[in-house]
Amino acid sequence: MRIVILGGGFGGLNTALRLGEKMRESNHEVVLIADKSNFIFRPSLLWVPFGQRKIEDISFLLAPTLDKAGVKFIQKQVSKIMPRENRIVFHDQSALDYDYAVIATGAFPDYAKIEGLRGNTSSIYFAEDALKTKLEIESLDSQKPIIIGVAQGNPSSWMSYEFLFELDAYLKQKRRNPSITYFTYEKDLLNHGGKNVTEILKTHMQEKGIAYHCDVNLQKVDEENLFFSNGVAIPYGFSLILPPYKGAEFIFSSKELNHQNGLITVNTFLQSVQWENIYVVGDANLLPNQQVIKTGRAAELQGHIAAENILLRLKGKSQTKEYEDSLLGLMELGTNGGMFVFRYPNSKSSSSIMEWAMDGTVPHLMKIAFEKYYLWKLR
Ligand SMILES: Cc1cc2nc3c(=O)[nH]c(=O)nc-3n(C[C@H](O)[C@H](O)[C@H](O)COP(=O)(O)OP(=O)(O)OC[C@H]3O[C@@H](n4cnc5c(N)ncnc54)[C@H](O)[C@@H]3O)c2cc1C
C-alpha cells in the first residue's frame, strides 16, 4: 500500500513521521509531497519583522528528517487530486497513485473577499511576507496611526494579538509613540479562549494605551482608510490584518472533491466525509460542530490521529482515534512577557470546559524554550 501525505507543515510532517516510525518494518510505502524543500516553524515568523529571528533560524530541510524516518520525500507542486482514480497530479503533468492520502496543505489568505486588502495591508503569514513587513516596519512613519486586526473568516486571530503587542513593544523601545488601534470580528477579545483570556487581554490593552473595537467586520480598504461594517472609517499609515481563509488552489481544480472555499469537511476521525481513503488535517479541514481554533498544535495532534487511524485500518481494524477541539497556547504580550492559555473540554461533564490562563515572564520563556525544543526534536 502507498500512503501519500500532501504538505510539509505541522500537519503533514507529523503525520508522515508517525507513519514512518510505525511502518518501518512493513512493505507499505509512505511518501510526503510538498512544494517547498523546508519546514518552517511558523509561530516564530512573528519575530522576523522585529529582527529577532532569521528564516534560517526557524526552518530546516524536510528531506533529511523524513529520510531518517523512512519516508520518501518528493518536492513537487500538486495541481489536482482525482479521488475516483486515487491519483495525485502535479504541475509538471506527472502523477502518483495512492491507497490512502492525507491532505495537509494548510490554508491561504483569501484577499479577494475584501476589496483593497491585498497590497494595502501587511502580513506575516508566510516567510516572504514577514521579511517584507520587516522592511516596512523599519521605515514606518510613526506620525501616522497604526491598525492591527483580524478580518471575519479567519480562525487564527491569536497571531494578530501577538503581532500587536510585539509591535507596540518594539516601537516603545525605539521611543516612537504612534497611535495604535486593534480590531476583531470576535464578540470580545479572543473570546473563544475563555473569560480569563479576554480579561487579561483587556488589561494589557489598557496598560499599553491601545484602543480596540470588537464585533466589527472589515468591508473595504483603500490607501488611507479601513472601512467597517458599523459605518466607521479609520485612517492608517501602517496596517497588518489577518485576511479571511481559503484552501489551497489545487482543491479548487479537483472537480471530484467537495469543499467549502477550498476547505474540506471531515468527521472526527479526520476522514473526508466524501472519500473514505482521504484524511484532511490542520488548517486545510473543516470540522463541523467544533469551535476549532486553527493552530500548529491542532495540526500536529490531528496528524497523529489521522496516522493512527490509517495504521488501524491497515491492520484490518476499525478506526478509533477521534479529534476533540482544545486550546493550549503561549501568546507573546510584548513588554509584559507572555500568556499561557489552557482550555479543554471537561471529560467529567459534557457541558463544561476547564480553562486557565496566566500572564508574565514565565509563559514568554516557555514559548522560547518550546520553539528551541520543537526545532531540535524534528530537525
Ligand atoms: C505568524 C504566525 C504565528 C503563529 N503562531 C502560532 C502559535 O503560537 N501556536 C500555534 O500552535 N500555531 C501558530 N500559528 C498557526 C500555525 O502555524 C498553523 O496553524 C499551522 O502552520 C498549520 O499547519 P498545516 O500543516 O495545516 O499547514 P501549513 O503549515 O500551512 O503547511 C502546508 C504545507 O503544504 C504545502 N503545500 C501547500 N500547497 C501545496 C501544493 N499545491 N503542492 C504541494 N505542497 C503544498 C506547503 O508548502 C506546506 O509545506 C501561527 C502562524 C503564523 C503565520
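When a ligand or atom number is given, it counts from 1 through the structure's own listing order.
Annotation: Gln77 places no N or O atom under 3.5 Å from an N or O atom of ligand 1; distance criterion only. Checked by distance only, ligand 1 and Tyr125 stay at 3.5 Å or farther apart across all their nitrogen or oxygen atoms. Residue-to-ligand polar distances place Gly296 within reach of ligand 1: an N/O pair is separated by less than 3.5 Å. Considering backbone and side-chain N/O atoms, Ala284 never comes within less than 3.5 Å of an N/O atom of ligand 1. For ligand 1, the polar-atom distance check finds no N/O of Phe250 at less than 3.5 Å from any of the ligand's N/O atoms.
Only the side chain of Lys367 comes within 4.0 Å of ligand 1, counting heavy atoms alone; its backbone N, CA, C and O stay farther away. Within the 4.0 Å heavy-atom criterion, both parts of Phe10, backbone and side chain, lie near ligand 1. Contact annotation: for Trp158 versus ligand 1, heavy atoms closer than 4.0 Å belong to the side chain alone. Using a 4.0 Å cut-off between heavy atoms, Met159 contacts ligand 1 through its side chain alone, with no backbone atom that close. Neither the backbone nor the side chain of Phe90 has any atom closer than 4.0 Å to an atom of ligand 1 (non-hydrogen atoms only).
For Asp168 and Lys208, the salt-bridge test fails: no basic side-chain N is under 4.0 Å from an acidic carboxylate O. Using a 4.0 Å cut-off between charged side-chain N and carboxylate O, Asp35 and Lys76 make no salt bridge. Using a 4.0 Å cut-off between charged side-chain N and carboxylate O, Lys72 and Asp67 make no salt bridge.
Nearest residue to atom 32 (C) of ligand 1 from Ala104, Gly338, Gly7 is Ala104 (criterion: closest heavy atom).
Counting only residues at least two apart or in different chains, side chain to side chain donor-acceptor pair (under 3.5 Å) contacts with residues 223-242 are absent.
Interface of Phe108 with ligand 1, defined as ligand atoms under 4.0 Å from a residue heavy atom, comprises 37 (C), 38 (N). With ligand atoms numbered from 1 in the order given, ligand 1 contributes 23 (O), 26 (O) to contacts under 4.0 Å with heavy atoms of Ala299.
In this structure, the ring of Tyr323 has its center no less than 6.0 angstrom from the ring center of Phe269.
Between the side chains of Lys294 and Asn285, a donor-acceptor pair is found at a separation under 3.5 Å. For the 3.5 Å distance criterion, the side chains of Tyr279 and Gln319 qualify, holding a donor opposite an acceptor.
Shortest contact from atom 21 (O) of ligand 1 to any protein heavy atom: Arg42 NH1, 3.2 Å. Annotation: atom 46 (C) of ligand 1 to nearest protein heavy atom, Asp35 OD1, 3.5 Å.
The hydrophobic cluster containing Val89 also includes Met82, under a criterion of side-chain heavy atoms closer than 4.5 Å among ILVMFWY residues, counted directly or through chains of members.
In the displayed structure, Gln206 atom CD is contacted under 6.0 Å by at most 12 heavy atoms of other residues, nucleotides or ligands.
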